[in-house]
**Q** 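I am attaching a structure below and will ask some questions about it afterwards.
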Protein chains: 2
Amino acid sequence: MELVHAIQNHCNCPIEATLNVIGGKWKPMILCLLANDTLRYNRIQQLIPEVSPKMLTKQLRELEGDGLISRKMYPEIPPKVEYSITDLGRTVLPVLKTLLEWGAEYLGKKCIATIQVNADN
Amino acid sequence: MELVHAIQNHCNCPIEATLNVIGGKWKPMILCLLANDTLRYNRIQQLIPEVSPKMLTKQLRELEGDGLISRKMYPEIPPKVEYSITDLGRTVLPVLKTLLEWGAEYLGKKCIATIQVNADN
DNA sequence: CGGTATCCCTCCGGATACTG
DNA sequence: CAGTATCCGGAGGGATACCG
């Protein structure tokens, strides 16, 4: 019931705010990738072949702007840029897990049953 | 974390699936409203003044198509249509709560007290 | 290597008017 | 009452080429 008011008041509804932060098409994927490793731009692109450079840059910038990931640039030639998850970004992982579990259970999406380090491309 | 492989495998990523279902602009709001009451079309529109009829209809149809809400039509003149949440829809309320709590805590969005989720868990 | 710039097209979504 | 119909601007997002 309070939930209703939270939204009705419409004072920056936290649900919408959260969705704005993690709802981007590639953001959950990026966050999960960075949860384990610090990765360079091209490496991310390899791991997500479907994303175009423009979109990848956009999603990374937004995640950085929201403080979920950090971008470290090494002034070298050739350039080197490393993306990693921040402490704030780590706090969102349980939220993603919730989304994953609901989707898996109620939408019948599998592919999470035996997820050890066995899966490979 | 296991999340990575779930997403890397990319076989209908459950996170994306969940976001597709609840990520619509007005869907969390509609679900929360219907969590407490069965409501008629115009009543929903009153409670969410910002939504246009076109968008409201679209979001309702999508929620219905995904099985989260049900639409009951009374063949009367004037017409009467009631929307209510389904059992499946109720299972998503804890997910919304997770989103709300994260947004409230880490994005500093207030305006919440407690959420009543009628499903036990 | 790590991006921009540009083109282009689709779809989102608001506003308004209308209808069975 | 519960929606459609229509118009329209703008954002989303793919493809390709180019740059520091």
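Just so it is clear: chains get the letters A, B, ... in the order the sequence lines come, proteins before strands, and each one is counted from 1. As the structure is a computational prediction, the values presented were derived from the model and not from experiment.
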**Q** Are A:K25 and D:dG14 close enough that a side-chain N or O sits under 4.0 Å from OP1 or OP2?
**A** yes
**Q** Please give, in whole Å, the distance from D:dG13 C1' to A:W26 CH2?
**A** 10 Å
**Q** Please report the distance, rounded to the nearest Å, between NZ in B:K27 and P in C:dC12.
**A** 10 Å
**Q** Do B:Y41 side-chain atoms and B:P53 backbone N/O form a donor-acceptor pair below 3.5 Å?
**A** yes
**Q** So, does B:R40 get its side chain near the phosphate of D:dG3, meaning an N or O under 4.0 Å from OP1 or OP2?
**A** no
**Q** Taking atom P of D:dA2 as reference, at what distance in whole Å does atom CZ of B:R71 sit?
**A** 10 Å
**Q** What is the distance from CG of B:L56 to C1' of C:dG13, rounded to the nearest Å?
**A** 13 Å
**Q** Is the backbone of B:T86 close enough, under 3.5 Å, to the side chain of B:S70 for a donor and an acceptor to pair up by distance?
**A** no
**Q** Between A:Y83 and C:dG3, is there a contact of a side-chain N or O with OP1 or OP2 at under 4.0 Å?
**A** yes
**Q** It should be established whether A:K54 places a side-chain nitrogen or oxygen under 4.0 Å from OP1 or OP2 of nucleotide C:dG3.
**A** no
**Q** To the nearest angstrom, how far is B:N42 atom CG from D:dA2 atom P?
**A** 5 Å
**Q** Can you tell me how far P of C:dA5 sits from CE of A:M55, to the nearest Å?
**A** 14 Å
**Q** Please report, rounded to the nearest Å, how far the C1' atom of D:dC1 is from the CD1 atom of B:I77.
**A** 9 Å
**Q** Identify which nucleotide among D:dT16, C:dC12, D:dA2 has an atom closest to any side-chain atom of A:P53, counting heavy atoms from C-beta outward.
**A** D:dT16
**Q** Which nucleotide in the set C:dG13, C:dG3, D:dA2 lies at the smallest distance from any side-chain heavy atom of B:V81?
**A** D:dA2
**Q** State whether the side chain of B:T38 and the backbone N or O of B:S84 hold a donor-acceptor pair below 3.5 Å, judged by distance alone.
**A** no
**Q** Examine distances only and state if a side-chain atom of B:T98 and a backbone atom of A:V95 form a donor-acceptor pair shorter than 3.5 Å.
**A** no
**Q** Want to settle it: does A:P79 or A:Q59 sit nearer the 5' end of DNA chain D, counting the closest nucleotide to each?
**A** A:Q59
**Q** What integer distance in Å separates A:Q46:CD from C:dC1:P?
**A** 9 Å
**Q** Are the side chain of B:E82 and the backbone of B:R40 linked by a donor-acceptor contact shorter than 3.5 Å?
**A** no
**Q** Within the structure, does a side-chain N or O atom of A:R61 lie under 4.0 Å from either OP1 or OP2 of C:dG2?
**A** no
